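Worksheet: the structure to be examined is printed underneath.
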Amino acid sequence: MNQSNILVSDKPTESFIIKIILPIDKCPKVKNRFINSEGKAEVYITKKTTQKDALEGHNVYALSGYQGLIVPNYANSHTKNEIENYLNNRFGNDWEVRLEKVNIKNRTI
């Protein structure tokens, strides 16, 4: 059996999980544990792209209380533009993005 190991890096990669802050009236199905002290919903953006969507060149985004999209270099990414377009189309300009830093330790695969 032929095995190949690929080591991307030994250093942790700085990445971010994307949290969206919305007025509660824009997100009426949110559960109490995802409502902050200011009465706003704090949820994560997640990607729900199917194979068909990907083949057609589309990414599909959604909101989730539990699953979040992890991205490196959010500030200068194509993903940032897609997410902001999704949020503007769905919620107008009444939203805020907060990035939560996560470190991902790369490993041999």
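This chain uses plain numbering: 1 for the first residue, then up along the sequence. The analysis underlying the following values was restricted to heavy atoms, covering all of them including side chains, and did not include hydrogens, waters or symmetry mates. Quick caveat: nothing in here was measured; it's all calculated off a predicted structure.
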Glu56 atom CD: more than 12 heavy-atom contacts under 6.0 Å =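 Yes, enclosed.
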More than 12 heavy atoms of other groups within 6.0 Å of Asn93 CG =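 Open: at most 12 neighbouring heavy atoms sit under 6.0 Å from CG of Asn93.
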Would you name the heavy atoms of Leu63 and Ile45 that are closest together and state the gap between them?
->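 What the structure gives for the nearest pair is CD2-CD1, 4.2 Å.
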Shortest non-hydrogen contact from Gly39 toward Ile24 |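 The answer is O-CB, 3.6 Å.
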Only counting residues at least two apart or in another chain, list the ones meeting ring pair (Phe, Tyr, Trp, His ring centres under 6.0 Å) with Tyr44.
->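 Checked Tyr44 against ring pair (Phe, Tyr, Trp, His ring centres under 6.0 Å); zero matches.
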Is there a side-chain contact between [X] and [Y] (heavy atoms, below 4.5 Å)?
X	Y	result
Phe91	Ile20	no
Lys47	Tyr61	yes
Val71	Ile18	yes
Leu69	Ile17	no
Trp95	Asn88	yes

Distance check, rounded to the nearest 0.5 Å: [X] atom [atom1] versus [Y] atom [atom2]?
X	Y	atom1	atom2	value
Lys40	Asp25	NZ	CG	10.0 Å
Lys101	Phe16	NZ	CZ	7.0 Å
Lys31	Tyr66	NZ	OH	5.0 Å
Glu42	Cys27	CD	SG	11.5 Å
Glu38	Ile21	CD	CD1	8.5 Å
His78	Asn81	NE2	CG	7.0 Å

Kindly work out whether a path of hydrophobic side-chain contacts (I/L/V/M/F/W/Y, heavy atoms less than 4.5 Å apart) joins Leu99 to Tyr86.
->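 Both belong to a single hydrophobic cluster.
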Look only at the side chain of Thr46 and the backbone of Gly68, and say whether a donor-acceptor pair between them is shorter than 3.5 Å.
->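 Judged by distance alone, no pair lies under 3.5 Å.
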Residues that Lys26 engages under salt bridge (Lys or Arg N to Asp or Glu O under 4.0 Å), provided they are two or more places apart |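 Once residues adjacent in sequence are excluded, Lys26 has no partner under the salt bridge (Lys or Arg N to Asp or Glu O under 4.0 Å) criterion.
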